[in-house]
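Working notes, beginning with the structure itself.
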Amino acid sequence: AISVVGATVDLQELCADFQAAVAGGDSASAEDLAEALARCQAPVSVSRTDALGGPRAQPAAGEAAQGRSPPETDPGPDIYPHGAPVQYFSQSMGGWIHAMVIEFDASTQLFNLNVQPMAQPSKVRPLQPDMEVQYNSTSNQQWIPTRVIGYNPSRRTYQLVCHPEADPTRVRVPPVTHPR
């Protein structure tokens, strides 16, 4: 495993994903994975925790079932840009739900989210490691599946398996499809 901007990536898993994409004829994913592998040539520190560098995130529903509450630490003002996908701790839903940042109001120190117009910063967090997301790839000109490695608050970017510094406006939670 390699450390990338405070997170850990399993290089073998990245290579296996690349080989599977090539074998399966998925050239778009193979291209993005090749780019991610190429970026791994920078100096890195080696460590091992789990496949993506930390405790595996529990699904939002699992956290609610386990009675977890929002973190006590305030992430600070304007940590997430307009359009960033995040999670919001909803009292009514009993756990973390997906949301999108509309704006941060510096005068009230509250987030305006698509699911909550006046959200306390302590109830807003980035998408969690190992979460499946989609990235809007400019090279492929389409949304491609990937996973979250982490969030860099100082750069206001997501670290993804396919991109080390992804603009949050190019990241989304996959749309839910319902069988007909």
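- Here Ile102 pairs with Asn112, Asn114 under the side-chain contact (heavy atoms from CB on, under 4.5 Å) rule; sequence neighbours left out.
- Between Met100 and His82, every side-chain heavy-atom pair lies at or beyond the 4.5 Å cut-off.
- Val173 is linked by a side-chain contact (heavy atoms from CB on, under 4.5 Å) to His98, Leu127, counting only residues two or more places apart in sequence or in another chain.
- Looking at heavy atoms from C-beta onward, Val171 lies in side-chain contact with Pro85 at the 4.5 angstrom threshold.
- Separating the CE atom in Met131 from the OG1 atom in Thr146 is a distance of 13.0 Å, to the nearest 0.5 Å.
- At least one side-chain heavy atom of Lys123 sits less than 4.5 Å from a side-chain heavy atom of Gln91.
- Considering OG of Ser139 and CD1 of Ile144, their distance stands at 6.5 Å, rounded to 0.5 Å.
- At most 12 heavy atoms of other shown residues, nucleotides or ligands fall within 6.0 angstrom of atom CD in Glu132.
- Contact of the Glu165 side chain with the Gln159 side chain is not registered, since no non-hydrogen atoms from C-beta on lie closer than 4.5 Å.
- Residues satisfying the side-chain contact (heavy atoms from CB on, under 4.5 Å) criterion with Ser154, sequence neighbours excluded, are Asn152.
- Between Phe89 and Trp96, the two ring planes are perpendicular [angle over 60°; tilted spans 30° to 60°].
- Applying the side chain to side chain donor-acceptor pair (under 3.5 Å) criterion to Thr157, with sequence neighbours excluded, gives no partner residue.
- Residues Phe111 and Ile79 come closest through the heavy atom pair CZ-CG2, 4.1 Å.
- Taking the side chain as every heavy atom from C-beta outward, Val124 and Leu113 approach each other to under 4.5 Å.
- The shortest non-hydrogen separation linking Pro126 to Tyr158 is CA-OH, 3.5 Å.
- Taking OG1 from Thr108 and CD from Gln120, the interatomic distance works out to 8.5 Å, rounded to the nearest 0.5 Å.
- Arg170 places a side-chain N or O within 3.5 Å of a backbone atom of Asn136 that can act as its donor or acceptor partner.
- Applying the side-chain contact (heavy atoms from CB on, under 4.5 Å) criterion to Gln116, with sequence neighbours excluded, gives Tyr88, Ala119.
- Taken together through direct or relayed side-chain contacts under 4.5 Å among Ile, Leu, Val, Met, Phe, Trp and Tyr, Leu160 and Trp143 form parts of separate hydrophobic clusters.
- Contact annotation: the side chain of Met118 never approaches that of Asp105 to less than 4.5 Å [non-hydrogen atoms, C-beta and beyond].
- For Tyr80 and Tyr151, the ring centers sit closer than 6.0 Å to each other.
- Looking at heavy atoms from C-beta onward, Ser137 lies out of side-chain contact with Cys162 at the 4.5 angstrom threshold.
- For the side chain to side chain donor-acceptor pair (under 3.5 Å) test, residues two or more places apart in sequence or in another chain that qualify with Arg172 are Gln134.
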